[in-house]
Amino acid sequence: MERTFLMIKPDGVQRGLIGEIVKRFENKGMKLIAAKLIQPTLEQAKNHYIEHEGKPFFAEIVDFISSAPVFAMVWEGQDAITLARNLIGKTKAVDAMPGTIRGDFAARNPFNLIHGSDGPDSAQREIANFFEPHEFTSYDKDIQPWI
């Protein structure tokens with residue numbers, strides 16, 4: 001099973017969309033194995049967006065995700081990264097299709113509600129940035145064979 005890191009950003013938390021967003025991943029059959037409401041430190045925010053360091057918008061996105069609580073999550077499932085990114089929708093809110101999280105709820109960038117890992121390497125790095133190994137829960141979903 002593949003793991004992915006998802007983070008409901010400050011705008012999603014402030015707008016009260018945690019339950020609505022989590023529900024979409026549960027409805028798709030993915031398994032939540034770690035979650036917490038935290039306010040990222042400046043160091044965590046910089047590490048999270050390290051691939052954008054040096055770009056003109058780096059400071060803005062670092063400031064944004066460290067400005068208020070986020071809901072950090074680790075989800076597990078077959079093709080979890082691709083599945084999650086399809087549910088999330090395109091990065092730019094105006095380009096996100098209706099039916100996706102961003103297409104249904106995001107109004108503008110950088111307030112696009114949610115982050116999802118873009119590949120296995122970034123998932124591993126992002127998970128380690130926000131979670132310790134003891135924070136994961138291992139369990140079987142009885143319905144998993146039918147998903």
Side-chain angles (χ1 to χ4, degrees), residues 1-97 99-141:
M1 287 290 153
E2 186 173 63
R3 289 183 176 179
T4 191
F5 175 78
L6 301 177
M7 175 177 54
I8 301 174
K9 297 177 183 181
D11 54 326
V13 173
Q14 294 293 322
R15 290 177 55 194
L17 293 172
I18 293 172
E20 180 69 38
I21 291 171
V22 168
K23 180 181 177 182
R24 294 201 179 199
F25 295 98
E26 289 180 322
N27 284 348
K28 200 66 170 173
M30 296 177 70
K31 182 167 68 169
L32 182 63
I33 61 169
K36 59 184 170 181
L37 183 68
I38 61 166
Q39 184 155 347
T41 65
L42 198 54
E43 181 181 338
Q44 280 177 312
K46 286 179 180 178
N47 287 339
H48 181 70
Y49 287 121
I50 194 75
E51 70 273 9
H52 299 300
E53 190 172 30
K55 295 178 182 174
F57 56 86
F58 180 71
E60 180 183 10
I61 59 177
V62 165
D63 289 345
F64 173 57
I65 71 153
S66 61
S67 68
V70 301
F71 193 63
M73 305 169 282
V74 180
W75 290 85
E76 191 174 76
Q78 189 158 1
D79 300 314
I81 294 168
T82 301
L83 193 60
R85 291 185 65 81
N86 287 339
L87 288 171
I88 290 169
K90 294 196 178 214
T91 301
K92 289 187 177 181
V94 297
D95 295 334
M97 296 297 295
T100 65
I101 292 166
R102 289 179 177 151
D104 290 349
F105 301 111
R108 62 185 174 93
N109 285 17
F111 305 120
N112 63 4
L113 303 173
I114 186 168
H115 164 84
S117 300
D118 63 3
D121 292 339
S122 62
Q124 187 175 13
R125 177 181 54 79
E126 292 164 355
I127 290 168
N129 189 36
F130 286 95
F131 290 93
E132 298 291 329
H134 72 274
E135 295 179 290
F136 296 97
T137 301
S138 177
Y139 63 99
D140 293 323
K141 286 179 78 171

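One-based numbering along the sequence shown.
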S.K.: If you count the non-hydrogen atoms of other residues, nucleotides and ligands that lie under 6.0 Å from CD in Glu43, is the total more than 12?
M.R.: no
S.K.: For Val13 versus Phe71, what's the shortest heavy-atom pair and its separation?
M.R.: CG2-N, 3.8 Å
S.K.: Quick one: does Arg102's side chain have a donor or acceptor within less than 3.5 Å of a partner on Ile114's backbone?
M.R.: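 Checked: pair present.
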S.K.: Evaluate whether atom NZ of Lys92 has more than 12 neighbouring non-hydrogen atoms of other residues, nucleotides or ligands under 6.0 angstrom away.
M.R.: no
S.K.: Side chain to side chain contact (heavy atoms under 4.5 Å, CB included), that's the test. Do Asn86 and Lys28 meet it? Break it down for me.
M.R.: CA-CA 11 Å; Asn86 287 339; Lys28 200 66 170 173; over 6 Å; no
S.K.: Work out which heavy atom in Phe105 is nearest to a heavy atom in Leu17; give both atom names and the distance.
M.R.: CB-CD1, 4.0 Å
S.K.: Tell me the closest heavy-atom pair linking Phe131 and Ala35, and the distance in Å.
M.R.: CE2-N, 3.9 Å
S.K.: Atom CD1 of Ile65 and atom CG of Leu42: how far apart are they, to the nearest 0.5 Å?
M.R.: 9.5 Å
S.K.: Can you confirm if the NZ or CZ of Lys36 lies within 45° of the ring axis of Phe130 and under 6.0 Å from the centre of its six-membered ring?
M.R.: no
S.K.: Flag this pair as yes if the NZ/CZ of Lys9 is under 6.0 angstrom from the six-membered ring centre of Phe64 and inside a 45 degree cone about the axis; otherwise no.
M.R.: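 No - Lys9 does not lie over the ring of Phe64 by the 6.0 Å and 45° rule.
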S.K.: To the closest 0.5 Å, what do you measure between NE2 (His52) and NZ (Lys46)?
M.R.: 15.5 Å
S.K.: So which pairs with a foot in residues 9-36 pass ring-ring contact (aromatic ring centres under 6.0 Å, His included), sequence neighbours left out?
M.R.: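 Sorted pair list: Phe25-Trp75.
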S.K.: Is the backbone N or O of Glu2 less than 3.5 Å from a side-chain atom of Gln78, with the two atoms forming a donor-acceptor pair by type?
M.R.: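 Checking the backbone N and O of Glu2 against the side chain of Gln78, no donor-acceptor pair under 3.5 Å is found.
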S.K.: Which heavy atom of Pro69 sits nearest to which heavy atom of Gln14, and what is that distance?
M.R.: CD-NE2, 4.3 Å
S.K.: One pair to check against side chain to side chain contact (heavy atoms under 4.5 Å, CB included): Thr4 and Met30. What are the steps and the verdict?
M.R.: CA-CA 10 Å; Thr4 191; Met30 296 177 70; 4.2 Å; yes
S.K.: Are the side chain of Arg125 and the backbone of Asn47 linked by a donor-acceptor contact shorter than 3.5 Å?
M.R.: yes
S.K.: Return the minimal non-hydrogen interatomic distance between Ile81 and Ala123, and the atom names on each side.
M.R.: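 In terms of heavy atoms, the two residues are closest at CD1-CB, 4.1 Å.
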S.K.: Check for me whether Arg3 meets the cation-pi criterion with Phe136, that is, NZ or CZ under 6.0 Å from the six-membered ring centre and within 45 degrees of the ring axis.
M.R.: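 Pair Arg3/Phe136 counts as cation-pi.
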S.K.: Below 4.5 Å, heavy atoms only, C-beta onward: do Met1 and Lys31 meet side chain to side chain?
M.R.: no
S.K.: For the atom pair OG (Ser66) and NE2 (His48), what is the distance rounded to the nearest 0.5 Å?
M.R.: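 Interatomic distance, Ser66 OG to His48 NE2, rounded to 0.5 Å: 11.5 Å.
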S.K.: Run the side chain to side chain contact (heavy atoms under 4.5 Å, CB included) check on Met7 and Glu126 step by step: do they pass?
M.R.: CA-CA 10 Å; Met7 175 177 54; Glu126 292 164 355; over 6 Å; no
S.K.: Hey, could you give me the CD1/CG distance between Ile101 and Leu113, rounded to the nearest 0.5 Å?
M.R.: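 Spacing of CD1 (Ile101) from CG (Leu113) equals 8.0 Å.
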S.K.: Is the side chain of Thr100 donor-acceptor paired with the backbone N or O of Ala96 at a distance under 3.5 Å, no angle test?
M.R.: no
S.K.: What are the two closest heavy atoms between Ile88 and Leu6, and how far apart are they?
M.R.: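 Closest approach of Ile88 to Leu6: CD1-CD2, 3.8 Å.
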S.K.: Rounded to the nearest 0.5 Å, what separates atom CZ in Phe58 from atom CD in Glu53?
M.R.: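 Between atom CZ of Phe58 and atom CD of Glu53 there are 4.5 Å.
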S.K.: For Ala106, does its backbone N or O pair with a side-chain atom of Asn112 as donor and acceptor, under 3.5 Å?
M.R.: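 It does not hold such a pair.
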S.K.: How many angstroms lie between atom CG of Leu37 and atom CE of Met73, to the nearest 0.5 angstrom?
M.R.: 11.0 Å
S.K.: Can you confirm whether more than 12 heavy atoms, excluding those of Lys141, are under 6.0 Å from its NZ atom?
M.R.: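 Result for NZ/Lys141: enclosed.
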S.K.: Under 3.5 Å, side chain of Glu60 to main-chain N/O of Phe57, donor-acceptor pair present?
M.R.: no
S.K.: More than 12 foreign heavy atoms under 6.0 Å from CD of Gln124: is that the case here?
M.R.: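 No, CD of Gln124 has 12 or fewer neighbouring heavy atoms, counting only those of other groups under 6.0 Å.
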S.K.: Is any side-chain heavy atom of Glu20 closer than 4.5 Å to one of Asp104?
M.R.: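 No, their side chains stay 4.5 Å or more apart.
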S.K.: Checking the side chain of Gln44 only, and the main-chain atoms of Asn129 only, is there a donor and an acceptor separated by less than 3.5 Å?
M.R.: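 Looks like yes, one N/O pair under 3.5 Å.
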